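I'd like to ask you about the structure that follows.
Predicted model only: the values in this text are computed from it and were never measured. Lettering follows sequence order; numbering is per chain, from 1.
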Number of protein chains: 2
Amino acid sequence: MEFSKLLQQIAFIIEIDKLKYIQRKTKLFNSDRCENDAEHSWHLAMMTIILAEHANSPIDVLKVLKMVLIHDIVEIDAGDTFIYDTGKSHDNTEEELLGAKRIFGLLPSDQANELIEIWLEFENGITEEAKFARSMDRFEPLLQNTSNNGGTWAEFNVNYDKVYNKKKAIERGSSSIWKYAENLLNESVEKGILKK
Amino acid sequence: MEFSKLLQQIAFIIEIDKLKYIQRKTKLFNSDRCENDAEHSWHLAMMTIILAEHANSPIDVLKVLKMVLIHDIVEIDAGDTFIYDTGKSHDNTEEELLGAKRIFGLLPSDQANELIEIWLEFENGITEEAKFARSMDRFEPLLQNTSNNGGTWAEFNVNYDKVYNKKKAIERGSSSIWKYAENLLNESVEKGILKK
């Protein structure tokens, strides 16, 4: 029996279980329990399926699903970086690249190469698929924070301008979702859960 | 601005956050922490991407991803049923069907109908996509239990025959993964973590 390829794939499947232990700063909806990266990735995948029709340009949904499902796997090695942490780089760090090579490298080389490329495509944010995937990644915590009286914005004293500048990336994936998101930010200011 | 469709979609996206609270009986790999349904669904989606090439017949990967990502959403209303619990029905119960109608029914009707159909297709297990999705759903806890010294098999005194009969469904999706799984069951018996 020739199991060698399957054995590599199963080693990868077991390794990525660790994503369930990587805690994010944002909390579940109406909750004080932190979300982990596996839950977050599942939620972005569901959002992709449901919201794909709002993309600015037609997108390859399967490609976007792969992106959002794998986008945080490098954090098994590199850890989660809080988006408003100004002391750390958020771009495609050396640490993340090493993580990608180690973890995806557990797979047979054709699959390893495919997933590293998809991860880099997501990181670079240039293709329509990457723009849409990144807009989902920005939109989920916005919804969570508004459900949690400001959530991490309140907890870490992040003001409207900083939030706006990060969230504006949603527009590159979907201008209609961005209109909704912008309204939500304005409402948050009115409610006093996001400071100008 | 016409947000009504988007508002329905966002109501659904917020509602399904509850999947993160539905605890399964099986534990994470090498762990005593229970897995929740959102983590489980993410893991099945990753397994689908990685293992699709082992399917007995060519499969529509996007369709299988939708299946595994949504397959447990009805448990938000119906709760998780332990696979070796002989006191409860595991088929497509009335409670699950009501859950599907309520939760997917939050979506615009075209999407609600599509997801209810995909969920029923998974439950019925007849198409190639459903057979493969169901094989992933059986394979993940097998890997987890072998990593946890028998896991739920040991905890709930489930013997080899019962496990074998449930796991044999893997073969309908992939005979090569089933060969691997069968070996793993035999090894588990040899190691004494699964009783004949």
Side-chain angles (χ1 to χ4, degrees), chain A residues 1-3 5-10 12-21 28-31 33 35-51 53-54 60-63 65-66 68-70 73 107-108 111 114-115 139-140 143-144 147 174 176-177 179-180 183-184, chain B residues 1-3 5-10 12-21 28-31 33 35-51 53-54 60-63 65-66 68-70 73 107-108 111 114-115 139-140 143-144 147 174 176-177 179-180 183-184:
Chain A
M1 238 176 284
E2 224 292 67
F3 279 156
K5 201 170 180 193
L6 187 56
L7 288 177
Q8 287 180 283
Q9 292 166 327
I10 288 169
F12 173 80
I13 286 164
I14 294 173
E15 177 65 16
I16 62 172
D17 195 64
K18 294 176 184 166
L19 200 65
K20 299 168 190 169
Y21 296 98
L28 303 188
F29 286 82
N30 306 298
S31 171
R33 203 263 269 168
E35 186 177 45
N36 69 53
D37 271 349
E39 296 168 328
H40 165 66
S41 302
W42 168 78
H43 219 145
L44 298 197
M46 285 302 305
M47 290 170 67
T48 297
I49 291 169
I50 301 303
L51 300 176
E53 65 181 294
H54 300 287
D60 174 347
V61 175
L62 178 57
K63 169 77 87 74
L65 285 177
K66 288 181 180 178
V68 297
L69 289 166
I70 70 162
I73 283 178
L107 288 164
Q111 286 188 319
E114 185 204 348
L115 293 193
F139 189 42
E140 191 223 24
L143 291 173
Q144 289 168 324
S147 85
S174 168
S176 56
I177 296 175
K179 275 183 199 162
Y180 175 84
N183 270 11
L184 219 50
Chain B
M1 238 176 286
E2 225 292 65
F3 278 155
K5 202 170 181 192
L6 187 56
L7 288 177
Q8 286 179 285
Q9 292 165 327
I10 289 169
F12 173 78
I13 287 165
I14 294 173
E15 178 65 17
I16 62 173
D17 194 65
K18 294 176 183 165
L19 200 65
K20 299 168 191 169
Y21 297 98
L28 303 188
F29 287 81
N30 305 298
S31 171
R33 202 263 269 169
E35 186 177 45
N36 68 54
D37 271 349
E39 296 168 328
H40 165 65
S41 303
W42 168 78
H43 219 144
L44 298 197
M46 286 303 305
M47 290 169 66
T48 298
I49 291 170
I50 301 303
L51 300 176
E53 66 182 292
H54 301 287
D60 173 348
V61 175
L62 178 57
K63 170 76 88 75
L65 285 177
K66 288 181 181 180
V68 297
L69 288 166
I70 71 162
I73 283 179
L107 288 165
Q111 286 188 319
E114 185 203 349
L115 294 193
F139 189 41
E140 190 224 24
L143 292 173
Q144 288 168 325
S147 84
S174 168
S176 55
I177 296 175
K179 275 182 199 162
Y180 175 84
N183 269 13
L184 219 50

Chain A heavy atoms under 4.5 Å from B:L143: which part of the residue, side chain, backbone, both or neither?
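B:L143 touches chain A through side-chain heavy atoms alone.
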
Indicate yes or no: at least one non-hydrogen side-chain atom of B:L19 is less than 4.5 angstrom from one of A:M46.
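Answer no - side chains too far apart.
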
Is chain A contacted by the side chain of B:N36, its backbone, both, or neither, given a heavy-atom distance below 4.5 Å?
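Looking at B:N36, just its side chain touches chain A.
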
Quick one: does B:Q9's side chain have a donor or acceptor within less than 3.5 Å of a partner on A:L51's backbone?
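The answer is no, because no donor-acceptor pair under 3.5 Å joins these two groups.
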
Do you know which of A:Q144, A:M47, A:H43, A:E35 has the most heavy-atom pairs under 4.5 Å to chain B?
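The answer is A:H43.
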
Which atoms of B:I177 are under 4.5 Å from chain A, going by heavy atoms: the side chain, the backbone, both sets, or neither?
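Both the backbone and the side chain of B:I177 come within 4.5 Å of chain A.
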
What is the minimum heavy-atom distance between A:I16 and B:W42, and which atoms define it?
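Taking A:I16 first and B:W42 second, the nearest heavy atoms are O-CH2, 3.4 Å.
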
Give, as side chain, backbone, both or neither, the part of B:L65 having an atom under 4.5 angstrom from any heavy atom of chain A.
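Contact with chain A involves the side chain of B:L65 alone.
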
Just so I understand: if I count every heavy-atom pair under 4.5 Å between each of B:E140, B:R33, B:E53, B:K66 and chain A, which residue has the most?
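Most heavy-atom pairs within the cutoff with chain A belong to B:E53.
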
Check: B:I50 and A:L115 side chains under 4.5 Å, non-hydrogen atoms
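With C-beta onward as the side chain, the pair touches.
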
Tell me, for B:E114 versus chain A, whether the close heavy atoms (under 4.5 Å) come from the side chain, the backbone, both or neither.
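No part of it gets close to chain A.
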
Please flag which part of B:S176 lies under 4.5 Å from any non-hydrogen atom of chain A: side chain, backbone, both or neither.
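Answer is backbone: N, CA, C or O of B:S176 sit under 4.5 Å from chain A.
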
